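Quantities reported herein were computed from a predicted structural model and do not represent experimental measurements.
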Amino acid sequence: MSIALVKNQLAEMKLLGMLGVLDNALAEATRDQLSGSELLNQLVQAEIDYRQQRKTANRIRTARFRDRPAFEDFDFTAKRSLTRPQIKEIQSLGWLDDARPLMLIGPTGVGKTFVAQAAGLHACASGKSVLFTSITKWLENLNLARASGTYLRYRDKLAKFDLIIFDEMGSRKLTATEAQDLCEVLEERSSSKSVVFTSQLPLAHWSEVIADTVIADAIFDRLQHSALTIEVTGESYRGVKARKLASRKKDA
């Protein structure tokens, strides 16, 4: 069988990982005198790697991240309270495996959303399904789903994600109905799935943006005792970036 025919058959069977490395694998097998089983193992591993990468890419696309930061890119030179051990704890995803919420609390610009998205991307690479959304966008989608009669379908869709990242909690006030929706999401996810919140408001002050005090207390109780809470303080990333740019211009 010719190599061209093999390539056509691999393409027809959608074995694109094998197809992508076939030429190099054959050349390496000839050069290093690999056995048939060694060549087969190499091709099969290439297909496994390719499919895992595709799945990860699909999970990342579905998550709808605003940016795609990596923990390795976190700037520890900035004067912020986040420590390497804390970043390592977040990156371990132990809190996600234990179905614990993660709360990143602090003023604007200190890296909360960066860390939340880095955690989400790492979760995608680890085989977890993720949704990233601002709290405002999520509430808008909920209200649209109610108006269109697709509320239950939307709730079922949310329930399938292993991790939901709610960015900018506290940026707007929640009605009693919206607060009840949030409380139910936390209840549904308390046993096997997780959430991340970024917020400028400490948890004790969430009652300021939740209209119903009873529901506010219920949300507080669910998060206070189970969440991994990290308070981030320090200078704004934008200020650090501006200072570095100014330094580069000066050196130039």
Side-chain angles (χ1 to χ4, degrees), residues 51-69 93 95-104 112-113 115-201 203 206-223 226-227:
R51 296 193 178 200
Q52 288 178 340
Q53 290 167 4
R54 285 286 302 272
K55 289 179 181 179
T56 297
N58 288 336
R59 287 190 290 266
I60 291 173
R61 184 168 55 252
T62 300
R64 299 182 180 179
F65 295 110
R66 188 182 307 159
D67 303 298
R68 297 185 181 182
L93 300 181
W95 50 275
L96 176 55
D97 293 334
D98 294 337
R100 295 179 64 195
L102 169 63
M103 301 187 63
L104 300 167
K112 303 184 303 296
T113 301
V115 172
Q117 290 185 107
L121 280 162
H122 189 53
C124 286
S126 301
K128 304 293 186 180
S129 56
V130 180
L131 175 66
F132 174 87
T133 179
S134 70
I135 195 72
T136 299
K137 183 66 175 178
W138 176 66
L139 293 172
E140 288 174 353
N141 286 336
L142 274 177
N143 292 330
L144 286 172
R146 275 199 176 89
S148 63
T150 59
Y151 174 75
L152 292 179
R153 189 187 312 164
Y154 181 65
R155 284 289 300 272
D156 288 343
K157 180 180 177 181
L158 289 176
K160 295 177 181 178
F161 289 102
D162 297 309
L163 175 64
I164 300 177
I165 302 173
F166 292 112
D167 195 32
E168 301 174 343
M169 174 62 187
S171 59
R172 56 154 285 188
K173 292 187 175 182
L174 278 65
T175 66
T177 299
E178 292 169 340
Q180 183 62 44
D181 287 328
L182 180 59
C183 191
E184 289 176 1
V185 167
L186 294 177
E187 178 64 26
E188 290 170 355
R189 308 183 72 78
S190 61
S191 60
S192 60
K193 299 181 180 180
S194 186
V195 295
V196 173
F197 287 103
T198 72
S199 180
Q200 296 187 50
L201 284 178
L203 181 59
W206 282 20
S207 58
E208 298 171 12
V209 294
I210 297 176
D212 191 303
T213 56
V214 174
I215 299 175
D217 287 342
I219 291 173
F220 180 84
D221 183 68
R222 282 174 170 78
L223 293 174
S226 61

Self-check item: With sequence neighbours excluded, residues passing salt bridge (Lys or Arg N to Asp or Glu O under 4.0 Å) with Arg153
Solution: none

Self-check item: salt bridge (Lys or Arg N to Asp or Glu O under 4.0 Å) involving Glu178 - partner list, sequence neighbours excluded
Solution: Arg172

Quiz prompt | Listed partners of Thr213 passing side chain to side chain contact (heavy atoms under 4.5 Å, CB included), at least two apart | solution = none

Quiz item: With sequence neighbours left out, what residues match Glu140 under side chain to side chain contact (heavy atoms under 4.5 Å, CB included)?
Solution: Thr136, Lys137

Acceptor/donor pairs from residues 156-164 side chains to any protein atom, 3.5 angstrom cut, sequence neighbours excluded:
from	atom 1	to	atom 2	distance (Å)
Asp162	OD2	Ser129	N	2.9
Asp162	OD2	Ser129	OG	3.1

Self-check item: Any residue meeting side chain to side chain donor-acceptor pair (under 3.5 Å) with Arg66, in chain and number order, not counting sequence neighbours
Solution: Asp167

Quiz prompt | With sequence neighbours excluded, residues passing side chain to side chain contact (heavy atoms under 4.5 Å, CB included) with Ser126 | solution = Leu93, His122

Quiz item: With Trp95, which residues qualify under ring-ring contact (aromatic ring centres under 6.0 Å, His included), at least two apart?
Solution: none

Quiz prompt | Which residues share a side chain to side chain contact (heavy atoms under 4.5 Å, CB included) with Arg64, sequence neighbours left out | solution = none

Self-check item: For Arg59, all residues meeting side chain to side chain donor-acceptor pair (under 3.5 Å), sequence neighbours excluded
Solution: Thr56

Practice problem: Could you pull out all residues at least two apart from Arg222 that satisfy salt bridge (Lys or Arg N to Asp or Glu O under 4.0 Å)? | Solution: Glu187

Exercise. Check salt bridge (Lys or Arg N to Asp or Glu O under 4.0 Å) between Arg68 and all other residues, then give those that pass, not counting sequence neighbours.
Key: none

